[in-house]
Amino acid sequence: MRKALFTPVIALITLTVLASTAGCGTDTPKAAPVRFADPGPGTASQAEAPGKNKGSLVQFPTRPITFKEESRVGGAGRNTPIGVTTLHGAKSGFTGKVWVWAPPEYYEKRNANKGFPVMEALPGSYGYPVNYWIGSDLKLEESLATWSQKGTSLPFIVVMPVLNPNDKQYYDGSDIPGQPKIGTWLSKDVPDLVRQNFRTLKTRDAWAIMGSSSGGFAALKNVLQNPETFKVAIPNGPDIVPDSPLWNGHAREELANNPEFLARRLIARGGPTVYLAFQDGSKEYTILPKVRRFIAQYGHGPVKTRFQIVPNGTHSATTYVQGMGEGTMQWVSAHMRGPTA
């Protein structure tokens, strides 16, 4: 399995983050506070909104906190902030960093009483101590804002947690016996943080999970394992089966976190329907056959699939952002619920 990827990108982003938090290369004040539940520029007050929207799908923030400002998203992102906090997971017991971003539409007065769809974005490699999707070089947030402006994507809230508790082992985005409960962290605690701090929607139709390489495996596994939470996954260059050495001696639990087993079980149960938007670069020669085989075997019944192959693409985050703009996000958005009052 090719999980030890994006090391140069991680190193670059780590240096960038360290530089920015030291006050270098940015005009933003160090650790400026961000409170996403408060009205943004030009918005109406949200204080009375829950009563006015009784019976709606909108879930208003329940326990908002103040985040530290990590950076700002330029271009179509309209200078919107990326915030960061250290989350103590109530359900997993794990503590780690989480970055969050809301699209420009979230702050507009016309949307002040609307809930927004959410995308959880997972990095490749160890995904620790930073999540590289916050990097301005990859432009994930700026690209999502551009696509939303063009009408080819919904305006997503993006949440970007660390993927592993260290840079020594892979935890397969799962609850491995005797180890930190990363599966619960990703599928329960991180979504709970979003619900506590943002206007979201009380439906799985508004929740997606995306990841690359080892994060792609975690995205694939989590949507099949938790279809009550996530409706859509975007597995980019994913592993298909668990391969952490920490599974040794835990064969039964390993099987229960295997996407092949989970897909068979979901098909046998008849749903709920999930949407898997696979992406690979055309040069990912070892991964392409595995993804094609998975789609051929399990892409039927409640498991809906799409396969975006990026021409001349490699096993890289840059390739996957390109693919998202070439059709993936339009397909994903067509199967999800957009901002709703």
> Of the non-hydrogen atoms in Pro117 and Gly338, which two are nearest, and what is the gap between them?
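Minimum heavy-atom separation between Pro117 and Gly338: CD-C, 4.2 Å.
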
> When Phe156 is tested against each of Ser333, Pro103, Ser148 for side-chain contact (heavy atoms from CB on, under 4.5 Å), which residue passes?
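Single side-chain contact (heavy atoms from CB on, under 4.5 Å) partner of Phe156 among Ser333, Pro103, Ser148: Ser333.
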
> If you take the centroid of each ring, where Trp contributes its six-membered ring, are Phe67 and Phe36 closer together than 6.0 Å?
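Yes, the ring of Phe36 comes within the 6.0 Å limit of the ring of Phe67, centre to centre.
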
> Without swapping roles, check the side chain of Asn226 against the backbone of Ser187 for a donor-acceptor pair under 3.5 Å.
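Here the side-chain-to-backbone pair does not exist.
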
> Go through the structure and list residues passing side chain to side chain contact (heavy atoms under 4.5 Å, CB included) with Ala145, not counting sequence neighbours.
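Counting only residues at least two positions away or on another chain, Ala145 forms a side chain to side chain contact (heavy atoms under 4.5 Å, CB included) with Ala76, Trp101, Pro104.
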
> So, using side chain to side chain donor-acceptor pair (under 3.5 Å) as the criterion, who are the partners of Asp175 when residues are at least two apart?
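Result, side chain to side chain donor-acceptor pair (under 3.5 Å) vs Asp175: Thr184.
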
> Are Lys221 and Leu262 packed together at the side-chain level, in the sense that at least one heavy-atom pair is separated by less than 4.5 angstrom?
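Yes, close enough: below the 4.5 Å cut-off.
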
> Does Lys150 have more than 12 heavy atoms from other residues, nucleotides or ligands lying within 6.0 Å of its NZ?
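It does not: Lys150 NZ has 12 such atoms or fewer within range.
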
> Checking the side chain of Ser56 only, and the main-chain atoms of Val58 only, is there a donor and an acceptor separated by less than 3.5 Å?
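Side chain of Ser56 to backbone of Val58: a pair is present.
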
> Please confirm whether the backbone N or O of His335 pairs with a side-chain atom of Lys231, one donor and one acceptor, at under 3.5 Å?
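Judged by distance alone, yes, a pair lies under 3.5 Å.
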
> Looking at Asp189 and Lys91, is there a salt bridge between them, counting it only when a charged N and a carboxylate O are closer than 4.0 Å?
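Not counted as a salt bridge, because no side-chain N and carboxylate O are separated by less than 4.0 Å.
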
> Would you mind listing every salt bridge (charged side-chain N to carboxylate O under 4.0 Å, His left out) that reaches into residues 119-136, with sequence neighbours excluded?
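Matches after skipping sequence neighbours: none remain.
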
> Please confirm whether the backbone N or O of Asn79 pairs with a side-chain atom of Arg72, one donor and one acceptor, at under 3.5 Å?
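Answer holds: yes.
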
> With no hydrogens and no angle check, just 3.5 Å: does a side-chain donor-acceptor pair link Gln279 and Thr328?
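The answer is yes; a qualifying pair exists.
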
> Can you check side chain to side chain donor-acceptor pair (under 3.5 Å) on Lys68 and Thr85, steps first, answer last?
CA-CA 6 Å; Lys68 292 181 181 179; Thr85 190; over 6 Å; no

> Which residues pass the salt bridge (charged side-chain N to carboxylate O under 4.0 Å, His left out) test with Lys139, not counting sequence neighbours?
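With neighbours one apart ignored, the set is Glu142.
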
> Ring centroid separation for Phe198 and Phe116, is it under 6.0 angstrom?
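Ring centres of Phe116 and Phe198 not closer than 6.0 Å.
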
> Determine whether a donor-acceptor pair (N or O, by modelled atom type, separation under 3.5 Å) exists between the side chain of Asn257 and the backbone of Glu253.
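Here the side-chain-to-backbone pair exists.
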
> Do Val303 and Leu276 have side chains that approach each other closer than 4.5 Å (heavy atoms only, starting at C-beta)?
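SC-SC contact between Val303 and Leu276 confirmed.
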
> Quiz question: by atom type and distance under 3.5 Å, do the side chains of Glu105 and Asn111 form a donor-acceptor pair?
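Result is no, nothing qualifies.
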
> So, the side chain of Asn236 versus the backbone of Gly211: is there a donor-acceptor pair under 3.5 Å, distance only?
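Answer holds: yes.
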
> Return the minimal non-hydrogen interatomic distance between Pro242 and Phe217, and the atom names on each side.
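The pair with the smallest heavy-atom distance is N-CE1, 3.5 Å.
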
> Within the distance-only criterion (no hydrogens, no angle test), does the side chain of Trp133 pair as donor or acceptor with the backbone N or O of Leu122 below 3.5 angstrom?
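Looks like yes, one N/O pair under 3.5 Å.
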
> Looking at every non-hydrogen atom in both residues, tell me the closest pair between Val332 and Ala277 and how far apart they are.
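Minimum heavy-atom separation between Val332 and Ala277: CG2-CB, 3.8 Å.
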
> For Ile287 and Gly237, work out which heavy atoms get closest and say how close.
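Looking at all heavy atoms of both residues, the closest pair is CD1-O, 3.7 Å.
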
> Can you tell me if Lys114 has over 12 outside heavy atoms packed within less than 6.0 Å of its NZ?
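Atom NZ in Lys114 is crowded, with more than 12 foreign heavy atoms closer than 6.0 Å.
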
> Looking at residues at least two apart in the chain, or sitting in another chain, which of them share a side chain to side chain donor-acceptor pair (under 3.5 Å) with Gln308?
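Side chain to side chain donor-acceptor pair (under 3.5 Å) list for Gln308, sorted by chain: Arg306.
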
> With sequence neighbours excluded, tell me which residues meet salt bridge (charged side-chain N to carboxylate O under 4.0 Å, His left out) with Arg195.
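So Arg195 forms a salt bridge (charged side-chain N to carboxylate O under 4.0 Å, His left out) with Asp192.
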
> Quick one: do the Ser316 and Thr314 side chains pair a donor with an acceptor below 3.5 Å?
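Yes, side-chain donor-acceptor contact under 3.5 Å.
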
> Could you tell me whether a side-chain N or O of Tyr132 sits under 3.5 Å from a main-chain N or O of Gly124, the two making a donor and an acceptor?
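Flag set: sc Tyr132 to bb Gly124 pair under 3.5 Å.
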
> Taking Ser244's backbone N and O only, do any of them form a donor-acceptor pair with Asp172's side chain (distance below 3.5 Å, no angle check)?
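Indeed, once roles are kept as given, a pair shorter than 3.5 Å links the two residues.
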
> Answer with yes or no whether the side chains of Tyr171 and Asn166 bring together a donor and an acceptor at under 3.5 Å.
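The criterion, which ignores hydrogens and geometry beyond distance, is satisfied for Tyr171 and Asn166.
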
> Identify whether NZ of Lys or CZ of Arg in Arg199 sits under 6.0 Å from the centre of the six-membered ring of Tyr106 and within 45° of that ring's axis.
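Cation-pi check for Arg199 and Tyr106: passes.
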
> Could you tell me which non-hydrogen atom of Gln225 sits nearest to which non-hydrogen atom of Ala256, and how far apart they are?
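Smallest heavy-atom distance, with atoms named: NE2-O, 3.3 Å.
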
> How close do Asn164 and Tyr126 get, heavy atom to heavy atom, and via which atoms?
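Shortest heavy-atom contact: ND2-O, 2.7 Å.
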
> With the 4.5 Å side-chain cut-off for hydrophobic clustering, are Phe307 and Val310 part of the same group?
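No, because Phe307 and Val310 fall into different hydrophobic clusters, even though each may have its own neighbours under 4.5 Å.
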
